[in-house]
Amino acid sequence: KMKVTKEIAAQALLEGKEVIKEFTTQTTTQEMQEKLVALINKLGLKNGQILWPLRVALSCEEFSPGTFELIYALGPEESINRINKAIKDSNLQN
């Protein structure tokens, strides 16, 4: 329903990963939300078009806890590792 194409999913993972690289273990879920929503607004996409691919990459599940909660629980380093794996496994690399 979000009309997430392969191109949008790739953009979500690649650009979302760059934002997550700025996070530390001290970053709150509120700060994560603010930075990722700023990315969404910059790209002119809908929340779900960015957050859903990230959530799937982080959890390996279609339905899971929210993106911000997953990043917080996993930590930035593991979140980036999982996104990199999803990019590689899905052939979304440039």
Side-chain angles (χ1 to χ4, degrees):
K1 71 181 179 184
M2 281 284 121
K3 299 181 182 170
V4 177
T5 63
K6 186 173 182 177
E7 292 76 22
I8 291 174
Q11 184 177 29
L13 296 178
L14 293 169
E15 297 208 30
K17 178 176 74 169
E18 293 306 310
V19 171
I20 293 168
K21 283 181 180 179
E22 299 173 12
F23 298 164
T24 70
T25 55
Q26 303 303 311
T27 305
T28 67
T29 56
Q30 179 65 35
E31 292 167 322
M32 292 174 187
Q33 181 175 355
E34 289 169 4
K35 291 182 187 256
L36 285 168
V37 168
L39 171 66
I40 293 163
N41 292 332
K42 178 182 130 190
L43 298 175
L45 296 170
K46 295 181 180 181
N47 289 359
Q49 290 176 302
I50 298 296
L51 299 179
W52 185 73
L54 285 170
R55 194 173 78 222
V56 171
L58 294 168
S59 69
C60 299
E61 300 288 337
E62 186 175 353
F63 302 103
S64 67
T67 305
F68 316 116
E69 291 81 6
L70 285 167
I71 297 168
Y72 185 81
L74 295 169
E77 186 177 334
E78 179 60 22
S79 296
I80 291 167
N81 290 341
R82 289 184 183 207
I83 291 168
N84 284 335
K85 182 176 180 341
I87 291 168
K88 181 181 175 200
D89 291 350
S90 301
N91 293 317
L92 295 175
Q93 300 175 39
N94 293 334

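Every value quoted in this text rests on a predicted model; they were computed, and no experiment measured them.
Between the side chains of E34 and Q30, at least one donor N or O lies within less than 3.5 Å of an accepting N or O.
Rounding to the nearest 0.5 angstrom, the gap separating the NZ atom in K46 from the NZ atom in K3 is 7.0 Å. In this structure, C60 SG and R55 CZ are separated by 13.0 Å, a value rounded to the nearest 0.5 Å. To the nearest 0.5 Å, atoms CG (L58) and CG (L54) are separated by 6.0 Å. Rounding to the nearest 0.5 angstrom, the gap separating the OG1 atom in T67 from the CG atom in L51 is 4.5 Å. Atom CD1 of I80 is separated from atom CZ of F23 by 9.0 Å, given to the nearest 0.5 angstrom. The line from CG of L36 to CG of N47 is 10.0 Å long, rounded to the nearest 0.5 Å.
Here the shortest heavy-atom pairing between S64 and L70 reads OG-CD1, 3.7 Å. G48 and P53 get closest at one heavy-atom pair: O-CD, 3.5 Å. Between Q26 and E31, the shortest heavy-atom contact is O-OE1, 4.0 Å. Residues K17 and I83 come closest through the heavy atom pair CB-CG2, 4.0 Å. Between I40 and L45, the shortest heavy-atom contact is CG2-O, 3.1 Å.
Under the 4.5 Å side-chain criterion, counting only non-hydrogen atoms from C-beta, Y72 is not in contact with E69. Looking at T27 and P76, their side chains never come closer than 4.5 Å, going by heavy atoms from C-beta outward.
No single ILVMFWY cluster, assembled from side-chain heavy atoms under 4.5 Å apart, contains both V37 and I50. Connection of L43 to M32 is established within a shared hydrophobic cluster, with ILVMFWY side chains joined at heavy-atom distances below 4.5 Å, either directly or through further cluster members.
Under the side chain to side chain donor-acceptor pair (under 3.5 Å) criterion, K35 pairs with no residue, sequence neighbours left out. Partners of E77 under the side-chain contact (heavy atoms from CB on, under 4.5 Å) rule, at least two apart in sequence or in another chain, are N81. For E18, the side chain to side chain donor-acceptor pair (under 3.5 Å) partners are K21, not counting sequence neighbours.
In terms of modelled atom types and a separation under 3.5 Å, the side chain of E78 and the main chain of G75 share no donor-acceptor contact.
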